[in-house]
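Structure record follows, encoded as structure tokens.
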Amino acid sequence: MQHKAKKRFGQNFLHDKRIIGRIVSSINPKEGENIVEIGPGLGAMTLPVLECCKKMTAIELDRSLIENLQKITASIGELILHQGDALKFDLGELSSEHLSPENQKMRLIGNLPYNISTPLLFHFVKWTDRIQDMHFMLQKEVVQRMAACPGTKIYGRLSVMLQYHCHVESLFEIHPGAFNPPPKVDSAIVRLIPHAAPPVQVDDMQLFSEMVTAAFNGRRKTIRNSLKKFLSEDQIQQAGLDPQIRPEQLELAQFAALANAAYILK
Ligand code: SAM
């Protein structure tokens, strides 16, 4: 199909067969699984995945790609295609409507549009109780930030919030030449596996999220300064932490301890 890639939809289509094979092996799709692809595009990943699982769902924003996707997949298996914005998509509804009751959990996959990858990740973690795992292609720097450890320069809000919900594993990198048109950045594949139970107790998710955001908005400030809206210096000390440290030194459990202390005072 002749298609001019649209920048506004973050369209960089995969064409390197060897890379596509490597991604599909990492996903290891099987018949009976509830695979949901975000942004199937010209079908680079859809076709080999559908060959393995025979039935899958996909959400694609670009109307002009829908007819071709239906045509090229028809002889391979059943593709349930939703034209729309994955950012607005209620995955909870999708899982109750379309998925087989014996295997309710979804496996999300996709070469995500890089311009909206962070909002998409925050959207998907709302449904981690219905998700088995996620395999995404993202900008390499984003994957590095997702998997970052405390004490590093790239550790931030994305690391803390995603690691609260999921085990994050960076799998491998992909060079720009694997795409058409080639993006200006390197890419990487990440595997996210939702935790069976939260790794730390958080009493109020909204407050936890607000506190993590405030802490990293003032990245160079001590937590005494960046968190003063939530806790006084004494209260930070009572939660067992040094008010003089900076947010990148805090582990997930310590963010949770601070948010839970603020919750009691609310
Ligand atoms: N999966 C294809 C591949 O690997 O060649 C295409 C990947 S391309 C980087 C991103 C795809 O996501 C495009 O097909 C684009 O139209 C689609 N897309 C962009 N924004 C979207 C959104 N908000 N919801 C669903 N799909 C979107």
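Both ligands and their constituent atoms are indexed starting at 1 by order of listing. Computed from a predicted structure; not experimentally measured. Count residues from 1 along the sequence.
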Taking the six-membered ring for Trp and the full ring for Phe, Tyr or His, determine whether the centres of [X] and [Y] are under 6.0 Å apart.
{"X": "His123", "Y": "Phe89", "answer": "no"}
{"X": "Tyr263", "Y": "Phe208", "answer": "no"}
{"X": "His15", "Y": "Phe179", "answer": "no"}
{"X": "Phe255", "Y": "Tyr164", "answer": "no"}

Of all the atoms in ligand 1, which lie at a distance below 4.0 Å from a heavy atom belonging to [X]?
{"X": "Gly41", "result": "6 (C), 14 (O)"}
{"X": "Ile59", "result": "25 (C), 26 (N)"}
{"X": "Leu61", "result": "20 (N), 21 (C), 22 (C), 23 (N), 24 (N), 25 (C), 26 (N), 27 (C)"}
{"X": "Leu14", "result": "3 (C), 4 (O), 5 (O)"}
{"X": "Asn12", "result": "7 (C), 8 (S), 9 (C)"}
{"X": "Ala44", "result": "5 (O)"}
{"X": "Pro40", "result": "1 (N), 2 (C)"}

With rounding to the nearest 0.5 Å, note down the distance linking [atom1] in [X] to [atom2] in [Y].
{"X": "Arg246", "Y": "Asn225", "atom1": "CZ", "atom2": "CG", "value": "9.5 Å"}
{"X": "Thr118", "Y": "Leu158", "atom1": "OG1", "atom2": "CG", "value": "5.5 Å"}
{"X": "Ser159", "Y": "Ile154", "atom1": "OG", "atom2": "CD1", "value": "7.0 Å"}

At under 4.0 Å between heavy atoms, which part of [X] makes contact with ligand 1: side chain, backbone, both or neither?
{"X": "Ile116", "value": "side chain"}
{"X": "Ala86", "value": "both"}
{"X": "Met137", "value": "neither"}

Of the protein's non-hydrogen atoms, which lies at the shortest distance from [atom], and what is that distance?
{"atom": "atom 10 (C) of ligand 1", "result": "Asn111 O, 3.5 Å"}
{"atom": "atom 20 (N) of ligand 1", "result": "Pro113 CG, 3.5 Å"}
{"atom": "atom 23 (N) of ligand 1", "result": "Asp85 OD1, 2.7 Å"}
{"atom": "atom 1 (N) of ligand 1", "result": "Gly39 O, 2.8 Å"}
{"atom": "atom 19 (C) of ligand 1", "result": "Phe9 O, 3.1 Å"}
{"atom": "atom 16 (O) of ligand 1", "result": "Glu60 OE2, 2.6 Å"}

How about [X] and [Y]: do any of their side-chain heavy atoms sit closer than 4.5 Å?
{"X": "Ile80", "Y": "Met56", "value": "no"}
{"X": "Pro40", "Y": "Leu81", "value": "yes"}
{"X": "His135", "Y": "Arg191", "value": "yes"}
{"X": "Val49", "Y": "Ile35", "value": "yes"}

Subject >> Listed partners of Glu60 passing side chain to side chain donor-acceptor pair (under 3.5 Å), at least two apart >> reply: none
Original post:
Are any of the heavy atoms in Glu37 under 4.0 Å away from ligand 1?
Top reply: yes
Original post:
If hydrogens are left out, which of Gly84, Pro119, Gly10 has an atom nearest to atom 8 (S) of ligand 1, that is, the closest non-hydrogen atom?
Top reply: Gly10
Original post:
Quick one: does Asp62 get an N or O within less than 3.5 Å of an N or O on ligand 1?
Top reply: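 In this structure, Asp62 places no N or O atom under 3.5 Å from an N or O of ligand 1.
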